Chemist: 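Here you go, one structure.
Everything numeric here is computed off the predicted structure, so don't read it as measured data.
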Amino acid sequence: MFEEVSPQFTFAEKEKQTLTFWRENNIFQKSMDMHKDAPPFVFLEGPPFANAPPGVHHVLARIMKDAVCRYKTMTGHYVHRKAGWDTHGLPVEYQVEKQLNITNKAELEAYGVQNFIEKCKENVFQYEQDWREMTERIGFWVNLDEAYITLSNDYIESVWWVLRQAWDKKLLYQGHKVQPYCYRCGTTLASHEVALGYQEVADPSIFVRFPLKNKENTYLLVWTTTPWTLPSNLAVAVGEDYDYVAVEDNGQKLILAKECISSLFDDAPPEIIESYKGTDLRKWEYEPLFDSGQHDEKSHYIVTADFVTTTEGSGLVHIAPAFGQDDYDIGQKHNLPFVQLVGDDGKFVPDVKDVWAGEYVKDADPMIIENLDERGLLFKATEYTHQYPFCWRCDNPLLYYARESWFIRTTAIRDQMQQHNQEINWYPEHIKDGRFGNWLENNIDWGLSRERYWGTPLPVWICDDCGHQHCVGSIAELKEIGKDVPDDIELHRPYVDDVILTCEKCSGTMHRVQDVIDCWFDSGCAHTAQWHYPFENKELFERSYPVDFISEAIDQTRGWFYSLLATGTLLYDKPAYKNCLCLELILASDGSKMSKSRGNTVDPWTILNEQGADAVRWYLFTASPPWTQLTFQIEGVDEALKKFMGTLQNVYSFFVMYANLEQVDVLEDAPPVAERAILDTWILSRLHTLINKVRDDMENYHLTNAPRAIESFVDDLSNWYVRRSRDRFWGAEAGQDKQAAYATLYEVLVTVAKLAAMFIPFLSDELYRNLVGSLAPDAPLSVHLAEYPVADSELIDSVLERDMAFTREVISMGHAARNRSGIKTRQPLAEITLGGLSDEEKETVNRMASFVHDELNIKEIVFTEKLDTFAQVSLKPNFKVLGPKYGKGVQAIAKALATADTMQLKAELEANGSLQIEALGETYTLETSEIDMQTQNREGFFVEVDARKFVALSTELTHELVLEGMARELVNKIQNMRKDADFNVSDRIKLSVNTSSELVMEAFDTHRDYILAETLTTEVVESLGEKAFSLDQKLNGEPATLSVEQV
RNA sequence: GGGCUUAUAGCUCAGAAGGUUAGAGCGCGCGCCUGAUAAGCGCGAGGUCCCUGGUUCGAUUCCAGGUAAGCCCA
């Protein structure tokens, strides 16, 4: 006996019971342990931040990971699932600053770095409990208790080791990086913060004459909107392919882009004296406008650059490498000196001898403009309105500013990274050579350092005396060479800042650089640091690198996908991962981005509590491929629940209900498949085809096609197999066919539970445990400990599947014809006529005739060749065949066929196997295979026509048919009364029929046995007492009073 | 401004190595069935396959250029 399936339940409630079962029986752990010695499939969890509650997009990522890991487990792999947490970085610092009402570094230092760091540690795990609960509730199996945490000493030590490897390979260096910097807060800003603070402002827009060397009275006309950067000018950039001219202006020669003339000389166009290409100007030298100091490197000459435009300005761009990324890159490329005349405080340094020394740069703008004007170098000064970033905290304008930074020289390993990228399987594939490939191609060195507090400290110490630098690679080394290092040193600021080393060169005192590192470097070391390699777990690490599978959202191309690959390449010269499933964003139901500020986010808990985890999982798996954007619709979750899970649940409860009621032993006496009914062999064939399909999709990480195929199978199972087999389960006598039906449905349900286990782990397990656990106590406890199904090719009969599909198509057309005729299905009809079928198709219909009879309630199937009596016939060329053969002629043939006498051509074709037709003065001979015969609807609503066949209904009713229809009407009415009266399905009844209609009486007498059997009537009586359930009915228009009562 | 992606029915999505009647589910309308009831089934009405050019006998599909949306970068 199976456990009864109660009709009163919610999936969400049942899922909670399943969670308890898993927990109490350690199913997750067992599913890993049982494969301890199996080939490993290595999964690496991208560590989330737990300082905000999880959202639906996290649910998406987690179930994708889960499905792959579960699948791999069930197909016999050892899948270790270690969780991880990302913990360092600016977002945490800002949250803490906000809490403490700290607005700049000075306030923070005053509060105390140590206190601050302790607050950060608390903040990081603020929502850990939420994450744990969500993770468990959605059925994401990952081991949270052995999670790697990027703030742990072990993790940091491994990251230090990685940095040391880079150092030893000369890939870690100090340089400059242009960053948006707030002089008031004393900090650089991350890009997303910059995006917060754009405002429209008016800045000066000036055109300056730069006197050329060796060309008398000739000036470059240079544009800038930041006069304060002019003292740091070191070059002028032009566009390589632009046209430049020298024009005559008040006795001077000015050089500018030809296209800019009109915007700069509105009144009278000046005379053009000479013309050049951008490349011609290259290396021309000019006199510095201001004293920028003495340098070894050459400076103040023209270079070419691709960012120069002529839509604004003059086509000549002033370059100050200290203030702008483009400028900085130019400086690097041309080996310009580095001139930084502005200090951390946003003011000109005292070295500047001009009047603006010590002035805040923006305040110095007018002074500089005035100075240029006095010297006759100012051509034009106006204002320029544009978007400029301001500090989102203090509202001061940001300065783009080259700051001392530490870099990883990723450009040195770019070729290897590109090569490794080619070895990675990307899903979807276009990421490889698209977004990710492009990113690698344009790779620049990784700006690693952050002038902040909460992060992995950069383990570089510098000698105060001689400037010697040393990178520490382990705690042991730190203790060995550091002075008085506490035994339990914590590798965070401010604790490591206190460690002092002795310089090996000059015995001087070495202090650590103040920076921490980019937290993307932390998570990028996960493949190594999660094991505390190389200090521990050597073997484990070696077995786990590269990892088989990672999956995160697409924004990680520049984030984790990149950082893993970069560190992996740097350390081991191997790709860090083999398969990467790249997820897209989830949009809100209105198609816009989900964000807290818009208030259109979806709280996963609402859904988990109402519809449950399986429903939301199924929705996310099937709605669209995870790499396309999904517009999240709650209705979609409902649909998944009703459409798919409801259907599966119904089939399951149908099976359990009747198996228990009929006391069938499904495992005993199961007949060999070959001896089962055609429906059984058909559904088993479909099942095994499905197994192949699902496995194939899963091997290719297509997590959408697989469940979609399962859904379509379950639909067939319910709406064809069970529907057509219903009476085999409860009407038939015990015997081989009944056994076959039960055995088949049992096998199918158990297999579907296994097939779908990685998508709907809860419902699958419930089905499995009841169906298998009840009968086979030795079987695995849970579906998640079972082996994944393997297709038996012996059971696959593709011809049968095709034939069944064809039969259902014919039946569907029959339904349509019945609909048109308006005669309800309960009324039997004498015959249907089928036309346009090939001999093979006729044979198929004959073989499947019983389905057609039962579904359409007709007595006979007739075939006809006379298409034209029922449908309009037209002939068209088979374009696919004739197109390549005749080219242009094919259109003429089509025209000729359309205008010719169709019936005559058809006769010719049938007689000769070919026909002749004239088109464009040529005669073409066309074989049967080169012609498409198409049918269209002719008058009359009882015929259903598709492209090449039709189904016609005979609507004439004989007296016998009317009686039979009335008998079925009686059965229908009585069944409804049974239901209305709340009888059990197996209750036997007494029945009385009182009617003045002779037709009803005759039908009742004629079909008495049938009616009694269908309605479980054991006794027909004249009348029933008051207890009986009684109703006046109209039966096909005839009056009758029916009464029923339980025996 | 650059790169990548997407655009098919009211909504969510399939699809076609280019072939002349483009599919499904939901929703809507009509009907059926009910010994599966959080029911179920059938049928129907819904489409310039984003736009403009090009290649081709033939383009919604391939190419180019737009437009719109999203992400990333500047």
Chemist: Which whole number of Å gives the distance between the P atom of B:U34 and that of B:G29?
Modeler: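 Each nucleotide's P atom is 24 Å from the other's.
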Chemist: Going by an N to O cut-off under 4.0 Å, is there a salt bridge joining A:Glu969 and A:Lys973?
Modeler: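 Looking at A:Glu969 and A:Lys973, the cut-off is met.
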Chemist: Taking the side chain of A:Ser812 as heavy atoms from C-beta outward, which of B:C43, B:C72, B:A36 is closest to it?
Modeler: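 For A:Ser812, the side-chain atoms sit closest to B:C43.
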Chemist: Extract from the structure each pairing of a protein N or O with an N or O of nucleotides 25-28 of chain B at less than 3.5 Å, listing the distance.
Modeler:
residue	atom	partner	partner atom	Å
B:G25	O2'	A:Glu639	OE2	2.4
B:C26	O4'	A:Glu639	OE1	3.4

Chemist: Going by side chain to side chain contact (heavy atoms under 4.5 Å, CB included), name the residues that satisfy it together with A:Leu1031, two or more places apart in sequence or in a different chain.
Modeler: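 A:Leu1031 satisfies side chain to side chain contact (heavy atoms under 4.5 Å, CB included) with A:Met977, A:Phe1029, A:Gln1033 once adjacent residues are dropped.
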Chemist: Ignoring hydrogens and angles, are the base of B:A24 and the side chain of A:Ser712 linked by a donor-acceptor pair under 3.5 Å?
Modeler: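 For A:Ser712, whose side chain was compared with the base of B:A24, there is no donor-acceptor pair (under 3.5 Å).
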Chemist: Based on Watson-Crick and G-U pairs with both distances under 3.5 Å, what dot-bracket line describes RNA chain B 5' to 3', crossing pairs as [ ] and inter-strand pairs as |?
Modeler: (((((((..((((.....[...)))).(((((.......))))).....(((((..]....)))))))))))).
Chemist: I want to verify a distance call: between B:C13, B:C57, B:C32, whose nearest atom is closest to the A:Thr825 side chain?
Modeler: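 Closest of the options to the side chain of A:Thr825: B:C32.
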Chemist: With rounding to whole Å, what would you report as the distance between B:A59 and B:G1 at their C1' atoms?
Modeler: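 These two C1' atoms come out 33 Å apart once rounded.
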Chemist: Specify the closest pair of heavy atoms between A:Leu882 and A:Pro877, including all atoms of both residues, with the distance to one decimal.
Modeler: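 The pair with the smallest heavy-atom distance is CD1-CB, 3.6 Å.
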Chemist: Between A:Gln975 and B:G35, does any side-chain N or O lie under 4.0 Å from OP1 or OP2?
Modeler: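 Answer is yes, contact under 4.0 Å.
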Chemist: Enumerate, atom names and distances included, each donor-acceptor pair closer than 3.5 Å involving a side-chain atom of residues 652-659 of chain A, sequence neighbours excluded.
Modeler:
residue	atom	partner	partner atom	Å
A:Tyr652	OH	A:Asn770	ND2	2.9
A:Ser653	OG	A:Gln649	O	3.3
A:Ser653	OG	A:Asn650	O	3.2

Chemist: Just compare B:A36, B:C41, B:C73 and give me whichever is closest to any side-chain atom of A:Arg558.
Modeler: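 In terms of side-chain proximity for A:Arg558, the closest of B:A36, B:C41, B:C73 is B:C73.
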Chemist: Extract from the structure each pairing of a protein N or O with an N or O of nucleotides 18-20 of chain B at less than 3.5 Å, listing the distance.
Modeler:
residue	atom	partner	partner atom	Å
B:U20	O2'	A:Lys876	NZ	3.2
B:U20	O4	A:Gln891	NE2	3.4

Chemist: What nucleotide, of B:C41, B:G70, B:C13, holds the atom closest to the side chain of A:Arg435?
Modeler: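 Closest of the options to the side chain of A:Arg435: B:G70.
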Chemist: Would you mind telling me which of B:C41, B:G31, B:U12 lies closest to the side-chain atoms of A:Asn719?
Modeler: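 Nearest to the side-chain atoms of A:Asn719, counting from C-beta on, is B:C41.
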Chemist: So for A:Arg723 and B:A36, does any side-chain atom that can act as donor or acceptor lie under 3.5 Å from a complementary atom in the base?
Modeler: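 Under the 3.5 Å cut-off, the side chain and the base do not form any donor-acceptor pair.
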Chemist: Glycosidic conformation of B:G46, syn or anti, with 90° from 0 as the boundary?
Modeler: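 The base of B:G46 is oriented syn (glycosidic angle within 90° of 0).
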Chemist: Could you work out which one of B:C13, B:U37, B:G35 sits closest to the side chain of A:Tyr658?
Modeler: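 Nearest to the side chain of A:Tyr658 among the choices is B:G35.
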Chemist: Enumerate, atom names and distances included, each donor-acceptor pair closer than 3.5 Å involving a side-chain atom of residues 808-816 of chain A, sequence neighbours excluded.
Modeler:
residue	atom	partner	partner atom	Å
A:Arg808	NH1	A:Asp716	OD1	3.0
A:Glu809	OE2	A:Lys949	NZ	2.4
A:His815	NE2	A:Glu855	OE1	3.1

